[in-house]
Amino acid sequence: MKFVHNWQQKTLEILENKNWGEPDTAPTGLVKKCLQLRRKTLDSFTIEDLRFMIGQQIGLPYLIPLAIEHLRVNIFAEGDMYEGDLLKQVLDIDTSFWNSNKVYWQEMNALLQPKLKDISDLKFDTAKFYQFKYADR
């Protein structure tokens, strides 16, 4: 995906050119939080914000590259839940994202390979991540 100039200083709402509604009129707390985060600039997203939105499968083309940046620094980066919670959410995203984004899959695979034992020790399942259509891993 080709990103616009200064894309990290923009919101998901602006980047996707979609307004999903007003946070104040959201039917649930979860929807309200999603709507609020869609209006937050990506450069101000915390690890917790990334974990949350990736877990909701929202904005993945923009949020996965940001998550990979954090995971390069610390593969077990932690939001508000537990050690490695960002990685866990990234591993659990729908396989179709990886099938459409081979470069990101390759970047994640390169990060995972030296840490597979540690990841297994934390009981994180990598099976879904490795279900993709590319034969030339």
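Position 1 is the first residue of the sequence; numbering continues from there. Model, not experiment: these values are computed from the prediction.
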Exercise for review: Classify the angle between the aromatic ring planes of Trp105 and Tyr130 as parallel (below 30°), tilted (30 to 60°) or perpendicular (above 60°).
Suggested key: perpendicular
From [atom1] ([X]) to [atom2] ([Y]), nearest 0.5 Å:
{"X": "Leu35", "Y": "Thr28", "atom1": "CG", "atom2": "OG1", "result": "8.5 Å"}
{"X": "Leu60", "Y": "Asp94", "atom1": "CG", "atom2": "CG", "result": "8.5 Å"}
{"X": "Leu87", "Y": "Leu111", "atom1": "CG", "atom2": "CG", "result": "9.0 Å"}
{"X": "Asp125", "Y": "Ile119", "atom1": "CG", "atom2": "CD1", "result": "11.0 Å"}
{"X": "Ile14", "Y": "Arg38", "atom1": "CD1", "atom2": "CZ", "result": "10.5 Å"}
{"X": "Met108", "Y": "Ile68", "atom1": "CE", "atom2": "CD1", "result": "6.0 Å"}

**Study point:** Ion pair check, Arg39 and Glu13, cut-off under 4.0 Å
**Key:** yes
Review point. Between Arg51 and Glu48, does at least one N-O distance fall below 4.0 Å, as a salt bridge requires?
Key: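 The answer is yes: the pair qualifies as a salt bridge.
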Taking [X] for its side chain and [Y] for its backbone only, find out whether a donor-acceptor pair lies under 3.5 Å.
{"X": "Ser120", "Y": "Leu116", "result": "no"}
{"X": "Asp43", "Y": "Gln9", "result": "no"}
{"X": "Asp92", "Y": "Gln89", "result": "no"}
{"X": "Ser44", "Y": "Thr41", "result": "yes"}

Point to revise | Trp98 and Phe129 aromatic centres sub-6.0 Å | key: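 Yes.
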Check your understanding: Do Tyr82 and Leu122 share a hydrophobic cluster (ILVMFWY, side-chain heavy atoms under 4.5 Å, transitive)?
Key -> yes
Review point. Is it the case that Thr46 and Asp49 place a side-chain donor and acceptor less than 3.5 Å from each other?
Key: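 A donor-acceptor contact under 3.5 Å links the two side chains.
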Exercise for review: Find out whether Cys34 and Ile58 are in side-chain contact, i.e. whether some heavy atom of one side chain is under 4.5 Å from a heavy atom of the other.
Suggested key: yes
Review point. Under 6.0 Å from the NZ atom of Lys115, do we count more than 12 heavy atoms belonging to anything else shown?
Key: no
